[in-house]
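Working notes, beginning with the structure itself.
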Amino acid sequence: MLPRWLENILSDISSQDAPMAGETPRRWQLFQVESSIACNLKCIMCPWRELAHHHADTGLLPPDVWAAISPYLKDVQSIDFTGGGEPLLQPRLIQWVGEASHAGCETGLLTNGTRLTGDMSRQLIDAGLGWLCISMDGATSDIYEKIRPGAHFHNVCENVSRITAMRVRKRPKVMINFVMMRDNVHQLEAMVELAARLGVDQINFKQCDVIRGDRGKGFGLFNDTHTRDIRKMDKWLRRARRLAKTKRIQTTAFAWVPEELPVCAQDPRTIMFIRHDGRVAPCINLALGGATTFLGNEVMMPDLHYGRLPEDDLLDLWETTPCRFYRERFEQRMLTYETAFMASDLEPSPTKIREALQNAQNAMPPAPEGCRLCHYLYDI
């Protein structure tokens with residue numbers, strides 16, 4: 001299970017990822033490579049803000065870490081060059097996108113769009129970038145610039161419009177990530193209208209789900225029950241998604257109320273996260289642990305690393321005890337979930353289906369410690 005928006009991309013972008021007859025499937029589905037932790041903005045909800053600005057001059061993935069990754073490009077389906085910072089600050093990004101694309105990987109990145117100049121857009125297109133996602137959390141300059149201090153709404157709109165016009169046969173696929181918060185949730189339909197004017201293919205309506213210390217705290221709109229506010233916001237979201245459909249814009253969205261999944265979208269059975277400093281982890285949340293808030297409770301997200309590049313070999317890290325534990329535990333959870341669900345009474349009624357899902361959830365072995373404290377596992 002990839003993130004919903006990335007799963008949609010990989011399913012419809014190009015057939016080059018599908019193995020030809022007799023071709024061996026690739027070992028990994030995704031490497032998320034943090035090309036930069038440095039960032040040029042100070043977004044109000046960013047959980048990595050202090051870390052990004054502390055490493056403003058040093059938080060770039062070094063060449064020797066990429067050199068340790070590159071021999072395995074032929075074994076991975078997709079490379080996402082995004083982490084906790086701004087990928088377009090990485091001076092070697094174009095070269096690396098080209099190398100990964102040449103190796104047959106689908107490539108993409110999430111950017112704040114402020115550095116997406118005409119020249120940068122042309123280079124990304126020529127390098128073979130498969131998808132590009134721009135973070136835009138407001139459909140008007142006042143809302144957008146309040147959320148993303150340092151960015152200029154009209155400049156980013158111009159940058160997005162330019163690359164959608166420059167690309168050939170709608171490649172790269174261009175998306176907007178819209179993080180829903182109190183300040184902007186009323187603009188869901190307005191964002192659809194804006195995306196249509198900019199030529200965007202997809203909008204990902206996200207929850208503000210990652211928190212470190214006070215960063216990101218209090219911005220999430222989800223709850224543990226279906227409150228009146230949530231029902232109202234869900235109505236707005238459904239209306240926006242219907243509007244998007246009429247404009248032939250794809251959408252994705254996460255849940256408002258937690259529902260435990262057998263494995264989260266950052267599936268460690270087929271995905272690895274590689275930090276800017278070379279440390280390898282199951283996902284960005286476990287790579288950058290610390291004090292966090294989980295469904296209103298103050299908890300501590302642990303750090304978990306398999307090892308570090310280039311000192312360690314990537315394939316050796318894949319076989320370490322912690323990595324094998326995460327892979328095997330989530331495989332057990334998935335198999336148990338599927339078995340229990342299929343053994344339930346599958347009479348086609350909402351009540352019976354809910355009972356079957358609850359039985360499947362109850363049958364699963366517990367998720368690893370850090371995952372139990374992560375909103376991703378609960379689809380919010």
Side-chain angles (χ1 to χ4, degrees), residues 1-14 30 45 78 80 82 106 108-113 129-140 143-144 147-148 153 156-157 159-161 163-164 167 169-210 219-223 226 229-259 261 264-267 375-376 378-380:
M1 293 171 58
L2 288 172
R4 295 184 187 200
W5 55 273
L6 183 51
E7 189 174 55
N8 288 347
I9 304 163
L10 295 178
S11 68
D12 70 6
I13 263 192
S14 81
L30 173 70
M45 69 295 190
S78 183
D80 176 358
T82 313
E106 194 57 51
L109 58 94
L110 172 65
T111 173
N112 60 40
L129 191 74
W131 58 269
L132 178 72
C133 195
I134 301 95
S135 294
M136 295 187 71
D137 313 300
T140 55
I143 298 296
Y144 172 83
I147 292 171
R148 295 188 173 268
F153 177 74
V156 173
C157 287
N159 292 346
V160 176
S161 181
I163 194 168
T164 61
R167 59 191 176 152
R169 293 187 295 276
K170 288 205 166 187
R171 185 177 178 91
K173 182 173 185 176
V174 177
M175 296 168 288
I176 285 173
N177 260 17
F178 185 97
V179 178
M180 298 181 294
M181 294 170 279
R182 293 285 176 192
D183 287 343
N184 66 6
V185 69
H186 64 285
Q187 289 198 327
L188 299 181
E189 289 181 270
M191 178 53 73
V192 173
E193 298 285 3
L194 175 62
R197 294 196 297 273
L198 298 179
V200 168
D201 304 305
Q202 181 169 314
I203 306 174
N204 308 308
F205 294 110
K206 290 178 55 60
Q207 297 285 0
C208 190
D209 47 18
V210 181
F219 290 104
L221 301 181
F222 49 85
N223 204 317
H226 286 279
D229 273 355
I230 281 180
R231 288 193 295 270
K232 179 177 68 174
M233 291 184 293
D234 185 51
K235 183 178 179 179
W236 292 348
L237 179 58
R238 284 186 279 112
R239 250 181 7 211
R241 298 187 77 181
R242 285 196 299 269
L243 177 62
K245 191 173 182 179
T246 68
K247 295 180 178 297
R248 299 189 177 183
I249 295 174
Q250 295 175 295
T251 60
T252 67
F254 291 86
W256 298 97
V257 173
E259 187 75 29
L261 304 173
C264 82
Q266 313 294 320
D267 188 345
H375 294 123
Y376 288 169
Y378 301 86
D379 197 33
I380 52 179

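Small disclaimer: the values here were computed from a predicted structure and weren't measured.
Under the salt bridge (charged side-chain N to carboxylate O under 4.0 Å, His left out) test applied with Asp234, the options Lys232, Arg231, Arg238 reduce to a single match, Arg238. Screening Arg248, Lys173, Lys170 against Asp201 for a salt bridge (charged side-chain N to carboxylate O under 4.0 Å, His left out) leaves a single residue, Lys170.
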Practice problem: List the steps, then state whether side-chain contact (heavy atoms from CB on, under 4.5 Å) holds for Asp379 with Phe254. | Solution: CA-CA 6 Å; Asp379 197 33; Phe254 291 86; 3.5 Å; yes
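Considering every non-hydrogen atom in both Ala253 and Arg241, the closest pair reads CB-NH1, 3.6 Å. Residues Arg167 and Gly199 share a closest heavy-atom pair of NH2-O, 3.1 Å. Closest heavy-atom contact between Met136 and Tyr144: CA-CE1, 4.0 Å. Nearest heavy-atom pair across Ile143 and Asp183 is CD1-O, 3.5 Å. In terms of heavy atoms, Ile203 sits closest to Met191 at CD1-O, 4.0 Å.
Put simply, the side chain of Met180 does not reach to within 4.5 Å of the side chain of Gln187, judged on heavy atoms. Counting only heavy atoms from C-beta outward, the side chains of Phe153 and Leu194 approach each other to under 4.5 Å.
Annotation for His186: atom NE2 counts as buried by contact number, over 12 foreign heavy atoms lying within 6.0 Å.
Using a distance-only test at 3.5 Å, with no hydrogens or angles considered, no donor-acceptor pair links the side chain of Glu189 to the main chain of Trp236. Between the Asp137 side chain and the Val179 main chain, a donor and an acceptor come within less than 3.5 Å of each other.
With sequence neighbours left out, Phe222 forms a ring-ring contact (aromatic ring centres under 6.0 Å, His included) with His375.
Note that CG of Leu221 is 8.0 Å distant from CG of Asn184, once rounded to the nearest 0.5 Å.
The pair Glu106-Arg171 meets the salt-bridge criterion, since a charged nitrogen lies less than 4.0 angstrom from a carboxylate oxygen.
Residues Gln202 and Thr252 have side chains that never bring a donor and an acceptor to within less than 3.5 angstrom of each other.
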